[in-house]
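What follows is a single structure, written as structure tokens, with notes after it.
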Amino acid sequence: MAGFPEYRPRRLRRTVALRRMVRETSLTPEDLILPLFVRDGAGIRRPVASMPGVEQLSVDQLLEDARDAASLGIPAVLLFGLPPLKDERGSHGEAEDGVVQRAVRELKRELPELVVITDVCLCEYTTHGHCGLVEDGEVRNDPTLEMLARQALSHARAGADIVAPSDMMDGRVAAIRQTLDDEGFSEVAILSYAAKYASAFYGPFREAADSAPQFGDRQSYQMDPGNGDEGLREALMDIDEGADIVMVKPALAYLDVIWRVKEATGYPVCGYHVSGEYAAILAAAERGWLDGDRAMREALLSIRRAGADLVVTYWARNFARSLAGN
Ligand code: PBG
């Protein structure tokens with residue numbers, strides 16, 4: 001490699017056009033997935049205080065936001081459900097007329113081209129707020145698998161294109177794949193939250209999804225933040241069980257894991273820019289401490305640069321709109 005003065009990196013930074021020509025990583029609306037929170041009722045938009053711009057929506061309102069996202073070139077939405085009633089076992093999660101199932105049916109009827117991804121988990125639906133069945137104060141792995149598989153199946157029956165298990169029980173990808181295949185849904189894809197860390201950055205989401213654990217924490221099933229090798233093992237394991245896309249979550253604090261998973265697997269990788277990562281930028285912007293729009297764009301670009309093909313972000317529509325404005 002040539003050194004100074006033969007090589008002057010600044011030559012290609014002189015103008016906007018030059019910088020664009022040699023830019024290595026792109027971020028476009030097509031790379032983004034918009035999470036949406038759906039609840040019962042009609043005409044409802046309930047703001048989430050800790051996530052500016054994010055609202056819990058009734059199905060009719062959800063359709064409007066999804067239509068807006070689609071018109072901005074965002075290819076997919078990721079649905080989280082707030083059930084009218086929770087119970088010990090999270091039964092609403094697999095109800096045929098459940099809130100997510102109804103939203104999926106409406107979305108596929110109104111916007112057939114839009115890819116509908118559903119979060120598969122128990123925490124939004126259980127009174128205790130844990131992601132699996134609780135027995136004797138413990139989150140039990142194997143008895144949870146069939147619940148998750150039934151929930152995923154109910155989403156597939158409603159028309160979901162992709163189901164996304166976020167519970168972190170061992171073996172759930174295989175259980176879901178098997179059930180979907182047995183029931184004739186072999187074309188429905190699985191996006192597994194493969195390397196999902198026990199993170200403080202999920203704080204605001206738990207308000208949005210009303211899913212905070214009522215006792216203890218999630219450290220017995222979500223990953224230890226110190227573990228990179230294990231993140232890779234989790235991804236390989238999920239791929240082996242039938243995952244089509246693997247996710248690393250959170251994204252910003254785990255860019256190294258995104259990189260390693262992409263390098264090692266070559267599979268489509270998704271980074272989840274989570275609620276706390278989103279809220280932190282907006283809170284600082286609100287104080288005038290940084291330019292929120294630019295900081296958000298830079299953060300999302302870094303997730304792509306680390307190797308993610310897809311990025312889940314609450315900022316998806318804002319990003320697409322700011323591009324359209326440029
Ligand atoms: C539920 C789930 C969580 C998130 C996505 N699915 C929260 C958790 O595990 O506590 C977090 C998303 C975010 O913070 O934006 N299993």
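Atoms within each ligand, like the ligands themselves, are counted from 1 in listed order. All heavy atoms count here, side chains included; hydrogens, waters and symmetry mates do not.
With respect to the salt-bridge test (charged N to carboxylate O, under 4.0 angstrom), the residues Asp68 and Arg321 qualify. Salt-bridge check for Lys196 with Glu234: failed, with every basic side-chain N at 4.0 Å or more from each acidic carboxylate O.
The 4.0 Å heavy-atom shell around ligand 1 contains residues Phe80, Asp119, Cys121, Cys123, Cys131, Ser166, Lys196, Phe201, Tyr202, Phe205, Arg206, Arg218, Gln222, Lys249, Tyr272, Val274, Ser275, Tyr314, ordered by chain and number.
At a threshold of 4.5 Å between non-hydrogen side-chain atoms, the residues Val139 and Val134 count as touching.
Judged by distance alone, the side chains of Gln101 and Asp97 never bring a donor and an acceptor atom under 3.5 Å apart.
Rounding to the nearest 0.5 Å gives a distance of 8.0 Å between CZ of Arg45 and OG of Ser58.
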May I have the list of side-chain donor-acceptor pairs in residues 164-171 shorter than 3.5 Å, sequence neighbours left out?
residue	atom	partner	partner atom	Å
Ser166	OG	Asp119	OD1	3.0
Ser166	OG	Asp119	OD2	3.3
Asp167	OD1	Arg172	NE	3.3
Asp167	OD2	Met169	N	2.7
Asp167	OD2	Arg172	NE	3.4

